[in-house]
Amino acid sequence: MHDIRALRENPELYEKAWAAKGRSGAAAEAVALDARVRAIKTASEQAQAKRNEFSKLIGQAKARKDEAAAQALMAEVEALKANVAAETEAEAAAIGALQDLLASLPNLPAPDVPVGADEHDNVEVRRWGEPNAIASPKDHVDLGEGLGLLDFEAASRMSGARFTVLKGQLARLERALGQFMLDMQTQEHGYLEVSPPLLVNDAAAYGTDKLPKFAEDLFQTTDGRWLIPTAEVPLTSLVMGQIVPEEELPMRVTALTPCFRSEAGASGRDTRGMIRQHQFYKVELVSIVAPEDSEAEHERMVGCAEAILKALNLPFRTMLLCTGDMGFGARKTYDLEVWLPSQGKYREISSCSNCGDFQARRMDARTKKAGEKGTRFVHTLNGSGLAVGRTLVAVMENYQDEQGRIAIPQALHPYLPGLTHIGGEG
RNA sequence: GGAGAGGUGGCUGAGUGGUCGAAAGCACCGCACUCGAAAUGCGGCGUACCUUUACCGGUACCGUGGGUUCGAAUCCCACCCUCUCCGCCA
């Protein structure tokens, strides 16, 4: 959601950003709607004030038992009635139209976000690790099926495409990865572990900008709730409608949850393997901070995500997304891309976004300094730390050997005692 | 799922359809008293929006959304949430 006052004062800034996303003219439309809202509002309030005045007089007449005067006033106010109804109705309609428009418009990119059309214009910020020279690397599908521990056919029989069955040590490795990530984020990076609901209502989905625009990307339950596409939704919604004392900020929370995505717009993309699934585990990081702290927090959060890849010794690069590749609610986004030997390229494994006050406005999440008057909207940030399914893929492919076995990364040994390899005698 | 009770400001808690945005108390802020503090006294003390340079003024908000009415915290309807008991259940 946007600050209509900021928009009113600086429409060119918004127009520039929205035109680049194919919403040319939206800023002017919003400003015009806003002017209409305020004009109607003033008229509507004046009509109500007049009616209230009469009603008060009627009350006073009744109080002194002057029935005749009361009846006369009631006759007089009768004429105002229709007017008030029409005005308030027009007011609600105008406000609704403005709200709908504003809710459909994406966040503005931060000034230091590179301008670009799509992922080709993203900027590599840094690179870590050297891709292993693996002779004719297998992909994770061949590796997993070769080990008899990955079964896409069974999954498709019971659930359809984009699901997987993991078995044995591979299932155990997935679990170990989730535990490892969660432990690192809580014990080393100071995030508070949360076990949130996986089903949320409209308000939570709207506040985290999944609704109304992206309903088709979500699964909905028969009673109208939504399966979370990411723990960002429930974690950020912890502050929905709240006024958080400023001394409690920054608030850092994390959760390991399944994520459910319909992948409605992705048919045909990444159909092989478990890169793009309807269901996957992810450790999510969410920070709620004071406005002036969000940029520094963003850098910190990216570091918390990178730390997992470093600990697992997986080569990756950090990308700063350009304006055209950023998500709807983000003001600035870093993606982490991990090296996948089978594809010979880097693939997204984490996305860390600073949403500024965009989500906070939608969900009315504010902060207040003790002893000071007034509140400010908080800034919200979210990032994957990391996507467990894709990390499993990366571990399988980067730790494979010539026999199709998979070595266990050093950092996971405490989670898989006695296990050095998956496959073979391991 | 069944039966019942209830949702009012930061908190507690009043509120016969008519100066109720809402008593009172607590908390908080200012002033007085005091060397200082406590106690006491006096005053202030919600949020959002509209109008305005500002002051003033206006509108809305008593769980949410509708309705009745000249007028709704108060009456009616639906929904949400909390609590108690019963049933069921991992």
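Values reported hereafter were calculated over all heavy atoms of this structure, with side chains retained and with hydrogens, waters and symmetry mates removed. Letters go in sequence order (proteins before strands), and every chain restarts at 1.
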If you measure from the [atom1] atom in [N] to the same atom in [M], how many Å do you get, rounded?
{"N": "B/U16", "M": "B/A23", "atom1": "C1'", "value": "15 Å"}
{"N": "B/A78", "M": "B/U84", "atom1": "C1'", "value": "24 Å"}
{"N": "B/A27", "M": "B/G13", "atom1": "C1'", "value": "14 Å"}
{"N": "B/U69", "M": "B/C80", "atom1": "P", "value": "28 Å"}
{"N": "B/C45", "M": "B/G9", "atom1": "C1'", "value": "11 Å"}
{"N": "B/C79", "M": "B/G1", "atom1": "P", "value": "12 Å"}
{"N": "B/C20", "M": "B/C28", "atom1": "C1'", "value": "24 Å"}
{"N": "B/G10", "M": "B/G58", "atom1": "C1'", "value": "27 Å"}

Original post:
Can you tell me if CD on A/Gln220 sees more than 12 non-hydrogen neighbours from other groups inside 6.0 Å?
Top reply: yes
Original post:
With a cut-off of 6.0 Å (strictly less than), are more than 12 heavy atoms of other residues, nucleotides or ligands near NZ of A/Lys310?
Top reply: yes
How close or far is atom [atom2] of [N] from atom [atom1] of [X], stated in whole angstroms?
{"X": "A/Leu98", "N": "B/C50", "atom1": "CG", "atom2": "P", "value": "11 Å"}
{"X": "A/Asn201", "N": "B/C79", "atom1": "CG", "atom2": "C1'", "value": "13 Å"}
{"X": "A/Gln99", "N": "B/A48", "atom1": "CD", "atom2": "P", "value": "16 Å"}
{"X": "A/Arg376", "N": "B/U47", "atom1": "CZ", "atom2": "P", "value": "16 Å"}
{"X": "A/Ile95", "N": "B/C61", "atom1": "CD1", "atom2": "P", "value": "13 Å"}
{"X": "A/Met240", "N": "B/G63", "atom1": "CE", "atom2": "P", "value": "19 Å"}
{"X": "A/Glu247", "N": "B/G10", "atom1": "CD", "atom2": "C1'", "value": "13 Å"}
{"X": "A/Glu91", "N": "B/C61", "atom1": "CD", "atom2": "C1'", "value": "13 Å"}

Original post:
How would nucleotides 67-75 of chain B be written as a contact map, 5' to 3', with B for base contact, S for sugar-phosphate-only contact and - for no contact, using protein heavy atoms under 4.0 Å?
Top reply: ---BS----
**OP:** Kindly state which residues belonging to residues 202-212 of chain A come within less than 4.0 angstrom of RNA chain B, counting heavy atoms of the residue only, listed by number.
**Re:** none
Subject >> Members of residues 35-47 of chain A that approach RNA chain B, where some heavy atom sits under 4.0 Å away >> reply: A/Arg38, A/Lys41, A/Thr42, A/Glu45
Original post:
Tell me, which pairs form a side chain to side chain donor-acceptor pair (under 3.5 Å) where one or both residues lie in residues 173-187 of chain A, sequence neighbours left out?
Top reply: A/Asp183-A/Tyr415, A/Gln185-A/His189
Original post:
So does A/Lys210 pair up with A/Glu232, basic N to acidic O under 4.0 Å?
Top reply: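 Judged by the 4.0 Å cut-off on N to carboxylate O distance, A/Lys210 and A/Glu232 do form a salt bridge.
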Subject >> Duplex segments of RNA chain B, taken as runs of at least three Watson-Crick or G-U pairs that stay under 3.5 Å >> reply: B:1-7 with B:80-86, B:10-12 with B:24-26, B:28-32 with B:40-44, B:46-50 with B:57-61, B:63-67 with B:75-79
The criterion is ring pair (Phe, Tyr, Trp, His ring centres under 6.0 Å); which residues satisfy it with [X], sequence neighbours excluded?
{"X": "A/Phe214", "result": "A/Phe328"}
{"X": "A/Tyr281", "result": "none"}
{"X": "A/Phe316", "result": "A/Trp128"}

Subject >> Between A/Asp202 and A/Trp226, a side-chain donor and acceptor under 3.5 Å >> reply: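 A donor-acceptor contact under 3.5 Å links the two side chains.
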Subject >> Side chains of A/Asp209 and A/Gln359, donor plus acceptor under 3.5 Å >> reply: yes
Original post:
Does A/Arg366 make a side-chain N or O approach to OP1 or OP2 of B/U47 shorter than 4.0 Å?
Top reply: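 Looking at the OP1 and OP2 atoms of B/U47, neither is under 4.0 Å from any side-chain N or O of A/Arg366.
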**OP:** Establish, with yes or no, whether the OP1 or OP2 oxygen of B/A60 is under 4.0 angstrom from a side-chain nitrogen or oxygen of A/Gln48.
**Re:**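 Yes, within the criterion.
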Original post:
A/Glu284: what forms a salt bridge (Lys or Arg N to Asp or Glu O under 4.0 Å) with it, not counting sequence neighbours?
Top reply: A/Lys282
**OP:** For A/Ala49 and for A/Ile4, locate the closest nucleotide of RNA chain B by heavy-atom distance; then report the residue assigned to the nucleotide nearer the 5' terminus.
**Re:**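 It is A/Ile4 whose nearest nucleotide is closer to the 5' end.
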Original post:
Who passes side chain to side chain contact (heavy atoms under 4.5 Å, CB included) against A/Arg225, sequence neighbours left out?
Top reply: A/Leu199, A/Thr221, A/Asp223
**OP:** Not counting sequence neighbours, which residues clear side chain to side chain contact (heavy atoms under 4.5 Å, CB included) with A/Glu91? List them please.
**Re:** A/Ile40, A/Lys41, A/Ser44, A/Gln48, A/Ile95
**OP:** State, with a plain yes or no, whether a side-chain heavy atom of A/Leu7 is found less than 4.5 Å away from one of A/Leu13.
**Re:** no
**OP:** Could you pull out all residues at least two apart from A/Asp151 that satisfy side chain to side chain donor-acceptor pair (under 3.5 Å)?
**Re:**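 With sequence neighbours excluded, A/Asp151 shows a side chain to side chain donor-acceptor pair (under 3.5 Å) to A/Lys167, given in chain and number order.
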Original post:
Cation over ring, A/Arg362 on A/Tyr206, under 6.0 Å and within 45°?
Top reply: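 Checked: cation-pi criterion met.
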